[in-house]
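Any value given below was found using the heavy atoms of this structure, including those in side chains, with hydrogens, waters and symmetry copies removed.
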Amino acid sequence: MEVCVIAKCTYKSETIMFSVSSESSMVDILKTLCLRFRGLQLGCFTLRYSVPSYPSCFLETDSDLDLMRTFLLISNEKTVDILVKDLCGISEYSGDFCVNKELIACEKGESSCSSTVEDRNEFLGRSKRASAKPLLSNEWETYIHHVGQKFDGGAEEFRLKLCKYALEVGFNFLYAGNDKKRVVAVCSNKKLEGCSWRVYASRCEATGSFVIRTLNNVHTCAGRIRESKSKMMRSRVVSSLIVDRIRAKPELKPVEIIHEFKDYYGIDISYYHAWFGKELAKLDVHGDESKSFNELVWYTDAVKETNTGSLCTLDCEAGINRFRRFFVSFGGCIAGFQYCIPLLFIDATFLKSKYKGQLLCASGKNGNQGFYPLAFGVVDSETEENWTWFLQHLASILLPMGRVVTFFSDRNQGLLNAMGFVFPGWPHSYCYYHLKQNLISKYPKSGYGKLLQDRVINLFSRCAYAVTEEEFKVAMEELVIVGSSKVKAFISDLSRDHYANAFFKGMRYGEMANSLAESFNNWVGVFRDLPVLPLIEGIRQKLMVLNSQRRFEAEKWTTVLCPEMETRLCENAEAGRTWAVRRSNSTVFEVFADYSVMVDLEQRTCSCRLWQIDGFPCTHAVAAILAKRDSVYDYVECYYKTDFFRKAYESPIFPIPDIGKGLGSNGSAAGVVLPPITKRPAGRPPTKRIKVFGEFKRPLKCSRCSVAGHNRKTCKAII
């Protein structure tokens, strides 16, 4: 009985159909596939067919073909789907390779030596022939294949695919004509060897797409082979291949791009092509930097519309409408900050984009000891005027809350002057870490030795951490004696009210440094080389995700306090289990540890002063509370409790869709915001902060013997 079915064969993104009769053999099918699919070679692919309940059946021999026909007859099926798959390595599919080769060899009456080759390859060990690694560029050879082929992306898409096709096939071409309406390319060997390869494509006026009009896809020049370096690998080709990577990882380095192209495409590219390709990809993803400032007009309105309660301000120079400053604090952050510890860490970090500038930030601290970004802004430089403008906007957020906040910052003169003007009388702590680095710079190891440097820093640390005025006085007197005139000059213009525990007016909750602001700067570091709008929007998206994660994470907590503080409270309780506690009255206790201290539960004080400094019950206080049989949680600040943490993240930051961004009318000439005027300094632009003298450096470690103190070149260890 005659059985004829329609086979739908799919290879990569193309599908062909042909009939399979009772007389058809595997050789007929293989010949048809190799003839119809360009680039398909015998022995380099396998066939799998799909029938109901069996999605991947082998199709390798005439017996497999007979079984397929029989099954389709019984199932009353008229069509069958066949998938053509490339082989990743000959050794992995040696059976398929041998069958296909032997089928053709038998038809020609020739002998096949494929089994001999496979046996030889099997026993050669490390000397065997290596199999080719599948590359992402393998499909490029199918990009140009027939007359009438359409390219919806126009001339740009056609040029890119033509370059990739030439790269994969292994030849170079020249443009004989190249404009918006037509592209004519010929083989670069046309003049020397008279190669006839030629392609002509032009724009279809009806659809705007590009169509191949004529194609001579046969080369008459010398043999071609795909090389790892090619003139066809241009920056625009690099850009088209890494645009998604740049969108996901803006900080991708050119060196990483070079390695990825070698690993994934088998192509060597220069550092210039990698760097410039990245710049083009950034332009495709983020747009023109100069136009990004004008989009802030739309963004300011969008923030207020989508995130109710937000404070967002764009400030431009009067008359010329040139960008000066931008401030934003999202409504969700403002609503949640009143449930955070009353601390704010202020800092600035430089931007790396074309127009430079400074990113100012104000970050709080939640009850679980994590940072809580409250507000940030972009200014042209870190000046007193810009700091005053930034802090005035911050004051409009903080003053209505009705509580005093302690500020942490470095000693930037512009910031100090602005703080005294905007927040007079509010507690302001200098960063202990920066003070220590400033003092280290006055005692370089080369002139004074490490011993003196360590001694001076140790005494200064004792002054800063001293809990009583007496301890501070003793440490300071010794510091002046050891450090002599340099220390006297250092502390002469350094008010002890801004750094010493014993004299600080206000609550620091155990904080001494501006580390949370540095954490925020590091957290947003990946956006610092982006244009201004992608920078701000990138921070918003990251902040939105962070707040959402913390909100869902807090829902799982079962403790009264946040996990970090619950652990700390348990450790304090364990430390005082063996101490004797004596009651004086209903609220006053004497605790006998290594020394005796007085704890007043009503005033929430301890004579060790750690309760007052940290704002959290010390070990002595916890021992007294447990002796009184009160709940320890009643004596802990509400900011450390789980319910306050949940309230801090209760109000979400909402998305800002840009689907209608181009439909507004703020693109008129009167509303155009010009970019700031910047002067590029000589040399390569810096991308890393210049570390101050004495700042921590990574210790030298040998990569050969893993011992610190020397490198591999000078290593003398016997291994």
Side-chain angles (χ1 to χ4, degrees), residues 343 345 406-412 416 419 426-516 518 568 572 575 591-600 603-621 692-696:
L343 302 174
F345 301 82
T406 300
F407 290 91
F408 284 80
S409 73
D410 56 19
R411 290 197 299 163
N412 178 275
L416 296 183
M419 282 292 302
W426 287 46
H428 185 195
S429 176
Y430 299 155
C431 176
Y432 161 73
Y433 177 78
H434 285 89
L435 293 178
K436 188 172 68 172
Q437 295 303 319
N438 292 339
L439 186 57
I440 288 176
S441 65
K442 300 183 181 299
Y443 294 92
K445 294 180 183 178
S446 58
Y448 293 88
K450 189 175 185 304
L451 189 62
L452 177 61
Q453 186 186 82
D454 292 344
R455 179 63 175 160
V456 170
I457 296 303
N458 179 266
L459 290 172
F460 178 74
S461 299
R462 285 172 54 188
C463 293
Y465 282 96
V467 297
T468 64
E469 295 183 14
E470 292 76 12
E471 292 179 7
F472 176 86
K473 183 178 179 181
V474 171
M476 180 58 70
E477 289 176 351
E478 189 175 354
L479 175 61
V480 172
I481 294 173
V482 174
S484 65
S485 60
K486 289 185 177 293
V487 167
K488 290 181 181 179
F490 177 73
I491 64 175
S492 62
D493 59 346
L494 180 63
S495 174
R496 61 189 183 182
D497 295 341
H498 292 288
Y499 75 95
N501 277 331
F503 298 94
F504 188 76
K505 304 295 190 295
M507 282 290 295
R508 290 197 287 191
Y509 294 90
E511 292 293 330
M512 293 289 288
N514 199 23
S515 55
L516 261 73
E518 298 292 344
R568 182 175 169 183
N572 287 354
V591 180
F592 296 88
D594 296 335
Y595 45 83
S596 64
V597 297
M598 184 182 73
V599 178
D600 189 335
Q603 299 297 324
R604 299 198 176 190
T605 61
C606 177
S607 55
C608 75
R609 297 203 72 240
L610 286 182
W611 196 356
Q612 298 92 297
I613 293 173
D614 295 344
F616 191 82
C618 62
T619 53
H620 310 110
V692 300
F693 181 85
E695 193 167 352
F696 173 77

Worksheet item: When rounded to the nearest 0.5 angstrom, what is the spacing between CG in Asn438 and OH in Tyr433?
Response: 10.5 Å

Response to the item:
Here the pair of heavy atoms bringing Glu518 nearest to His434 is OE2-CE1, 3.9 Å

Discussion item. Minimum heavy-atom separation for Asp410 and Leu416, please, with both atom names.
Written reply: O-CD2, 4.1 Å

Discussion item. Rounded to the nearest 0.5 Å, what separates atom CZ in Phe408 from atom CG in Asn514?
Written reply: 8.0 Å

Response to the item:
Arg609 and Ala502 have their tightest heavy-atom pair at NH1-CA, 4.3 Å

Worksheet item: Which atom pair, heavy atoms only, marks the closest approach of Gly510 to Asp614?
Response: CA-OD1, 3.3 Å

Worksheet item: Checking side-chain contact (heavy atoms from CB on, under 4.5 Å) for the pair Ser461/Tyr432: CA distance, chi angles, key distance, verdict?
Response: CA-CA 9 Å; Ser461 299; Tyr432 161 73; 2.4 Å; yes

Worksheet item: Looking at CD of Glu469 and CZ of Phe503, how far apart are the two atoms once the value is rounded to the nearest 0.5 Å?
Response: 4.0 Å

Worksheet item: Can any side-chain N or O of Tyr499 pair as donor or acceptor with the backbone N or O of Cys463 at less than 3.5 Å?
Response: no

Worksheet item: Between Tyr430 and His428, is the gap from one ring center to the other below 6.0 Å?
Response: yes

Worksheet item: Do Ile491 and Val480 come within less than 4.5 Å of each other through their side chains, counting heavy atoms only?
Response: yes

Discussion item. Has Gln453 got a side-chain atom pairing as donor or acceptor with Tyr443's backbone, closer than 3.5 angstrom?
Written reply: yes

Fill in: Verdict with supporting geometry, Leu494 and Arg411, side-chain contact (heavy atoms from CB on, under 4.5 Å)
CA-CA 10 Å; Leu494 180 63; Arg411 290 197 299 163; 3.7 Å; yes

Worksheet item: Atom CG of Leu610 and atom OG1 of Thr605: how far apart are they, to the nearest 0.5 Å?
Response: 12.5 Å

Worksheet entry | Atom pair NZ/CD of Lys442 and Gln437 - distance to nearest 0.5 Å | 13.0 Å

Worksheet entry | Heavy-atom side-chain contact between Leu439 and Lys486 under 4.5 Å | no

Worksheet item: With side chains defined as the heavy atoms from C-beta onward, is the minimum distance between Met419 and Ser409 less than 4.5 Å?
Response: no

Discussion item. For the backbone of Val597 and the side chain of Ser607, can you confirm whether one donor and one acceptor N or O come within less than 3.5 Å of each other?
Written reply: no

Worksheet item: Under 3.5 Å, side chain of Arg462 to main-chain N/O of Ala475, donor-acceptor pair present?
Response: no

Worksheet item: Under 4.5 Å between any side-chain heavy atoms of Trp611 and His620, yes or no?
Response: no

Fill in: Nearest heavy atoms of Gly615 and Tyr509, plus distance in Å
CA-CD2, 4.2 Å

Worksheet item: Are the side chain of Ser596 and the backbone N or O of Phe592 linked by a donor-acceptor pair below 3.5 Å?
Response: no

Worksheet item: Where is the tightest heavy-atom contact between Ser429 and Arg508, given as atom of each residue plus distance?
Response: OG-NH1, 2.9 Å

Worksheet entry | Donor-acceptor pair, side chain of Thr406 and main chain of Met507, under 3.5 angstrom | yes

Worksheet item: Quick check: does any side chain N or O of Asn572 sit under 3.5 Å from a backbone N or O of Pro617, one acting as donor and the other as acceptor?
Response: yes

Response to the item:
Rounding to 0.5 Å, atoms CG (Asn458) and CG (Leu479) come to a distance of 10.0 Å

